[in-house]
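Notes for the one structure printed next.
First the proteins, then the strands, lettered A, B, ... as listed; each starts at 1.
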Number of protein chains: 2
Amino acid sequence: MIQADKFMEDKGVRPTAMRLLVFRFLAESKTAKTLSDIENAFAKADRTTLYRTLKTFEDKAIVHQIDDGTGMTKYALCEEGCNCAIEQDLHLHFHCNNCKETVCLTAHKIPHINLPDGYVAEDANLVLKGICDKCSGQ
Amino acid sequence: MIQADKFMEDKGVRPTAMRLLVFRFLAESKTAKTLSDIENAFAKADRTTLYRTLKTFEDKAIVHQIDDGTGMTKYALCEEGCNCAIEQDLHLHFHCNNCKETVCLTAHKIPHINLPDGYVAEDANLVLKGICDKCSGQ
DNA sequence: ACAATAAATGCACTTCTGTTGCATGATTCC
DNA sequence: GGAATCATGCAACAGAAGTGCATTTATTGT
Ligand SMILES: [Mn+2]
Ligand SMILES: [Mn+2]
Ligand SMILES: [Zn+2]
Ligand SMILES: [Zn+2]
């Protein structure tokens, strides 16, 4: 976060102006953001460039996609030490029905689920929906 | 299943020819189906009619939607005694990365998850991805 | 410093899914 | 039978994701 340039270079991504803006925007965001969110955050940004920027970030395990069921893919920075590149970091996501924001609950891993014989789990997606802490006023 | 006409009338849905076809198609399906799947199953079917048929079925708790993360909404018949109308039946879904089919695991309910203070869960979606029993050859 | 090469960006366009408007056909109700 | 209601089919639209290609920007090698 402090040295975004260095961080990105370490990840093998050239720190262009646009990429740094996107990275900082996500770093300052407390909730996951859609491509449109990012597009609206920078008046002078092209959607395709942002799209490919996010894809690059994803390939290099800088961000991860979130499918919270709203129909729009969301993006959030990976946690420090996240091994997204090798395997999924199976934390759960929470979508607030009130403020419509989605957050990573990185401390809450998806529990192991017993499956019927013959089923082999490789990946999982758990999204809880309800009222977030901000909206529950508590 | 035996008396589809009667079943639908009991649910408050007029058993038209198209609706019966869709219902039977889903009843015979072992996996969840997309709108396109259903469209392709009946050469002479209009997409809009099928779309609204599924919506009607959903409103009357005959089918439930499944968002397995593939980008296409899937549909499956509700289980007998499912109280979809009142609240979600929080069973999990399994998507096979090999055959690309998605199944309801109605016997496997989503476990209760402890959330941070202030978060109130109202709904949940859990999708496991991997290899299904048919594809694991076991 | 300069040319050659590679990477990033911007614009236009396409595809795919879901959705709605509206006219027509069918069914139910009185 | 006629009015009213419901179901269907065609067309068109909307939103998001993704692709092609030309242009600009950065890197590399001499
Ligand atoms: Mn996350
Ligand atoms: Mn199901
Ligand atoms: Zn909220
Ligand atoms: Zn399979």
Side-chain angles (χ1 to χ4, degrees), chain A residues 4-6 8-25 32-60 62-76 95 100 102 125 127, chain B residues 4-6 8-25 32-60 62-76 95 100 102 125 127:
Chain A
D5 305 48
K6 197 142 214 148
M8 284 176 56
E9 276 185 1
D10 289 350
K11 291 278 190 176
V13 174
R14 287 222 290 248
T16 66
M18 202 69 235
R19 285 172 177 176
L20 284 170
L21 281 177
V22 172
F23 180 83
R24 292 209 182 96
F25 176 72
K33 299 299 174 194
T34 67
L35 180 55
S36 296
D37 289 337
I38 302 172
E39 198 184 353
N40 295 335
F42 312 110
K44 231 196 101 38
D46 179 73
R47 210 172 71 256
T48 308
T49 302
L50 296 175
Y51 173 76
R52 289 198 258 239
T53 293
L54 290 167
K55 196 172 213 175
T56 301
F57 282 4
E58 202 195 341
D59 290 344
K60 298 303 171 64
I62 295 173
V63 306
H64 64 280
Q65 282 193 214
I66 300 161
D67 177 3
D68 62 5
T70 57
M72 289 183 71
T73 305
K74 295 192 172 142
Y75 300 87
H95 175 75
K100 315 294 183 196
T102 296
N125 183 34
V127 180
Chain B
D5 305 49
K6 198 141 213 150
M8 286 177 56
E9 278 186 358
D10 289 350
K11 290 277 190 176
V13 174
R14 285 222 293 246
T16 68
M18 202 69 235
R19 286 173 175 172
L20 285 170
L21 280 177
V22 173
F23 180 83
R24 293 211 181 95
F25 176 72
K33 298 300 174 191
T34 67
L35 180 54
S36 296
D37 289 336
I38 302 173
E39 199 184 352
N40 294 335
F42 311 110
K44 231 195 100 38
D46 180 73
R47 209 170 76 257
T48 309
T49 302
L50 296 175
Y51 173 75
R52 288 197 259 240
T53 293
L54 290 167
K55 197 172 213 175
T56 301
F57 282 3
E58 202 194 342
D59 290 344
K60 299 302 171 66
I62 294 172
V63 307
H64 63 281
Q65 282 193 214
I66 300 161
D67 177 2
D68 62 5
T70 57
M72 290 183 72
T73 305
K74 295 191 174 145
Y75 301 88
H95 176 76
K100 312 297 183 197
T102 296
N125 183 33
V127 179

Between N or O atoms, less than 3.5 Å apart, protein on one side and nucleotides 12-18 of chain D on the other: list the pairs.
| unit_1 | atom_1 | unit_2 | atom_2 | d |
| --- | --- | --- | --- | --- |
| D/dA17 | OP1 | A/Thr73 | N | 3.2 |
| D/dA17 | OP1 | A/Thr73 | OG1 | 3.2 |
| D/dG18 | OP2 | A/Tyr51 | OH | 2.7 |
| D/dG18 | O5' | A/Tyr51 | OH | 2.9 |
| D/dG18 | O6 | A/Arg47 | NH2 | 3.4 |

>> Heavy atoms within less than 4.0 Å of DNA chain D: which residues of residues 13-22 of chain A have one? Give them sorted by number.
In response: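 Correct list: A/Arg14.
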Sequence-distant partners of [X], side-chain contact (heavy atoms from CB on, under 4.5 Å), two or more places apart:
X	value
A/Thr70	A/Asp68, A/Met72, A/Lys74, A/His95
B/Leu21	B/Met18, B/Phe42
A/Lys44	none

> What are the 5'-most and 3'-most nucleotides of DNA chain C lying under 4.0 Å from any heavy atom of chain B?
Replying inline: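 The footprint of chain B covers C/dT17 to C/dT28.
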>> Rounded to the nearest 0.5 Å, what separates atom CZ in B/Arg14 from atom CZ in B/Arg19?
In response: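 Going from CZ on B/Arg14 over to CZ on B/Arg19, the span is 7.5 Å.
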> What is the distance from NZ of B/Lys44 to P of D/dG9, rounded to the nearest Å?
Replying inline: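 These atoms are roughly 6 Å apart.
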> Taking atom P of D/dA7 as reference, at what distance in whole Å does atom CG of B/Leu54 sit?
Replying inline: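 B/Leu54 atom CG is separated from D/dA7 atom P by 14 Å.
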>> Evaluate B/Tyr75 against B/His64 for side chain to side chain contact (heavy atoms under 4.5 Å, CB included), listing each step before the verdict.
In response: CA-CA 6 Å; B/Tyr75 301 88; B/His64 63 281; over 6 Å; no
>> A/Thr34 vs A/Asp37, test: side chain to side chain donor-acceptor pair (under 3.5 Å). Steps then yes/no.
In response: CA-CA 5 Å; A/Thr34 67; A/Asp37 289 337; 3.2 Å; yes
>> Is any side-chain heavy atom of A/Leu54 closer than 4.5 Å to one of A/Ile38?
In response: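 Side chain of A/Ile38 against side chain of A/Leu54, heavy atoms only: contact under 4.5 Å found.
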>> Closer than 3.5 angstrom, by distance alone: can the side chain of B/Asn125 be matched with the main-chain N or O of B/Asp67 as a donor-acceptor pair?
In response: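 Judged by distance alone, yes, a pair lies under 3.5 Å.
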> After noting the C-alpha distance and the side-chain angles of B/Lys11 and B/Phe57, does the key distance pass the side chain to side chain contact (heavy atoms under 4.5 Å, CB included) rule?
Replying inline: CA-CA 9 Å; B/Lys11 290 277 190 176; B/Phe57 282 3; over 6 Å; no
>> Assess the residue pair B/Thr73 and B/Leu35 against the criterion (side chain to side chain contact (heavy atoms under 4.5 Å, CB included)); give the C-alpha distance rounded to whole Å, side-chain angles, the decisive distance to 0.1 Å, and a yes or no.
In response: CA-CA 8 Å; B/Thr73 305; B/Leu35 180 54; over 6 Å; no
